[in-house]
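Here is the structure we will look at.
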2 protein chains.
Amino acid sequence: MQDNSASILLIDDHPLLRKGVKQLIEMNPNMKVVAEACNAIDGVKQAVEHEPDLILLDLNMPEINGIETLKMLREEEVSSRIIVFTVSDNEEDVVAALKAGADGYLLKDMEPEDLLTSLEQAASGTLVISPRLTTLLAQALQSNKRSDKVDTSSLTPREKQIIKLIANGMANKVIARKLNITEGTVKVHVKHLLKKLRLRSRVEVAVWAVQEGLN
Amino acid sequence: MQDNSASILLIDDHPLLRKGVKQLIEMNPNMKVVAEACNAIDGVKQAVEHEPDLILLDLNMPEINGIETLKMLREEEVSSRIIVFTVSDNEEDVVAALKAGADGYLLKDMEPEDLLTSLEQAASGTLVISPRLTTLLAQALQSNKRSDKVDTSSLTPREKQIIKLIANGMANKVIARKLNITEGTVKVHVKHLLKKLRLRSRVEVAVWAVQEGLN
DNA sequence: GCCCACCTACCACTTTGGTGGTACACCGGT
DNA sequence: ACCGGTGTACCACCAAAGTGGTAGGTGGGC
């Protein structure tokens with residue numbers, strides 16, 4: 001806050017890389033590295049102490065990995081924007097990072113000048129993502145299509161309909177009213193679909209349906 | 001299958017645009033427009049009849065919109081790759097299309113040559129997405145962070161823990177064993193968190209937790 | 001015509017879930 | 001030293017969910 005340059009914290013277990021990134025960043029007078037850390041514990045400590053505008057966080061770290069670190073930072077209610085900065089273009093990592101609340105995901109193989117502009121954007125509040133990851137993100141959203149372990153095909157239309165209503169949190173009685181059938185009949189359908197899906201309660205049905213994207 | 005060029009079906013209510021796209025596509029000898037349709041019903045019919053390699057689908061259509069059309073095509077078990085081709089860079093549209101199983105999402109303001117290469121990629125099985133949509137997709141995945149309508153802050157650690165277990169489909173008894181407390185105590189916690197979250201059953205808790213990404 | 005899958009309905013029954021209340025122990029803050 | 005929040009436990013009670021079985025009506029397919 002003393003000057004108008006964005007303060008940055010680097011968390012990465014690789015000293016050489018920190019050095020390089022720091023040099024790069026400080027070529028831009030609008031940004032300044034105010035602290036560095038080589039592991040999660042120290043990173044969280046520095047973050048709490050400095051409350052930087054941006055945190056550049058590596059995913060591959062010994063002991064506690066980046067995602068965990070991210071969660072720890074969120075627990076501490078650090079207000080900084082957290083940008084994951086890593087070599088991993090693995091779908092799971094990207095999705096996990098974003099779900100954990102990352103404000104950006106940049107790959108280490110970016111061109112230096114692109115990195116700088118991305119960081120400036122991030123500092124100004126934009127969610128930044130390496131363009132290479134577009135397809136990955138789209139696939140993550142599509143998640144339903146793939147991996148239908150349970151054979152949803154054996155379900156009758158009525159059963160599918162009731163699954164959706166259960167996934168909306170409705171009780172048997174409410175479902176019965178909505179479909180103009182008796183509660184007993186709803187129970188019959190529920191019983192059958194539980195058998196078919198090999199689940200043990202409507203709660204499991206609900207979470208399964210939501211995760212499968214049956215809306 | 002007769003020749004090795006990719007067959008394409010255009011579904012768009014705008015004849016002029018169909019004409020333009022068709023001309024563009026047929027500049028590439030590897031692709032061929034085999035049919036056109038100006039609405040959902042006709043589109044599905046043509047799709048079933050021709051089973052084209054690719055379907056270019058507009059979202060803004062009278063009567064039945066593109067997303068619904070997409071679902072209808074999936075219902076018919078059409079094997080074609082379906083590429084949404086639209087002006088809408090609206091997050092909801094993109095997400096809905098991908099969740100409904102679109103194999104691509106391209107914006108109409110693309111450069112013609114980029115469109116051609118994207119279509120070629122799509123025909124060869126790649127999921128194609130207009131680069132402009134990256135940030136949008138990322139935001140969709142982050143969905144948890146934003147819009148905490150319910151004040152999750154008032155929950156005690158124990159309650160949060162139990163919410164997660166409920167979201168895993170566990171019964172009170174199972175939760176009790178896992179936490180080494182009595183079932184009665186679990187019920188107490190459930191009762192309290194239902195009040196705090198203003199929900200009416202553990203099923204609602206489960207779907208809320210899953211949607212909020214509390215894993 | 002008959003069979004089969006599906007949807008519907010009713011029954012009795014057990015288990016699980018949710019409500020209301022009281023109570024005690026622990027801990028951190030005033 | 002007292003208070004409030006938290007976690008634990010017990011109780012009784014009623015509501016909801018799930019199980020087993022039987023059974024009638026419908027519509028499509030052989």
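Proteins come first, then strands; the chains are lettered A, B, ... in the order of their sequence lines, and each starts at number 1.
Checking side-chain atoms of B/Glu68 against main-chain N and O of B/Asn65 turns up no donor-acceptor pair under 3.5 Å. In this structure, the side chain of B/Asn168 does not engage the main chain of B/Met170 through any donor-acceptor pair within 3.5 Å. Checking side-chain atoms of A/Thr126 against main-chain N and O of A/Ala122 turns up no donor-acceptor pair under 3.5 Å. For A/Ser88 (side chain) and A/Asn90 (main-chain N/O), a donor-acceptor pair under 3.5 Å exists by modelled atom type. Side chain of B/Ser80 to main chain of B/Pro52: a donor-acceptor pair is present (N/O by atom type, distance under 3.5 Å, no hydrogens or angles). In terms of modelled atom types and a separation under 3.5 Å, the side chain of B/Glu204 and the main chain of B/Arg200 share a donor-acceptor contact.
Atom CG of B/Leu155 is separated from atom C1' of D/dT6 by 13 Å (rounded to the nearest Å). Taking atom NZ of A/Lys191 as the reference point, atom C1' of D/dA16 lies 16 Å away to the nearest angstrom. Atom CG in B/Leu194 sits roughly 14 Å away from atom C1' in D/dA15 (whole-Å rounding). For the pair A/Leu199 CG and D/dG18 P, the interatomic distance rounds to 11 Å; values are reported in whole Å. We find that CZ of B/Arg200 is positioned 16 Å from C1' of D/dA15, with the value rounded to whole Å.
Applying the side chain to side chain donor-acceptor pair (under 3.5 Å) test to every pair with at least one member in residues 6-16 of chain A, sequence neighbours left out, gives these pairs: A/Ser7-A/Asp53, A/Asp12-A/Lys108. Residue pairs meeting the salt bridge (charged side-chain N to carboxylate O under 4.0 Å, His left out) criterion with at least one partner in residues 34-43 of chain A, sequence neighbours excluded, are A/Arg18-A/Glu36, A/Lys22-A/Glu36.
At D/dT6, none of the side-chain N or O atoms of B/Arg158 fall inside 4.0 Å of OP1 or OP2 (strictly under the cut-off). OP1 or OP2 of D/dA17 sits under 4.0 Å from a side-chain N or O of A/Asn172.
First and last contacts of DNA chain C with chain B, using any nucleotide atom under 4.0 Å from a protein heavy atom and ordered 5' to 3', fall at C/dT16 to C/dG20.
Comparing the local axis fitted to the first five base pairs of the helix from C/dG1-D/dC30 to C/dT30-D/dA1 with the one fitted to its last five gives a bend of 30°, rounded to 10°.
Salt bridge absent: B/Glu26 and B/Lys32 never bring a charged side-chain N and a carboxylate O closer than 4.0 Å.
The heavy-atom pair separating A/Val84 from A/Leu59 by the smallest distance is CG1-CG, 3.6 Å.
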Could you go through residues 178-187 of chain A and list every donor-acceptor pair under 3.5 Å that involves a side-chain atom there, pairing it with any protein atom two or more places apart or in another chain?
from, atom 1, to, atom 2, distance (Å)
A/Thr182, OG1, A/Thr185, N, 3.2
A/Thr182, OG1, A/Thr185, OG1, 2.9

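Shown for residues 174-189 of chain B: residues whose heavy atoms fall under 4.0 angstrom of DNA chain D, namely B/Ile181, B/Thr182, B/Thr185, B/Val188, B/His189.
Each of B/His192 and B/Val203 has a nearest nucleotide on DNA chain D; the 5'-most of these lies closest to B/His192.
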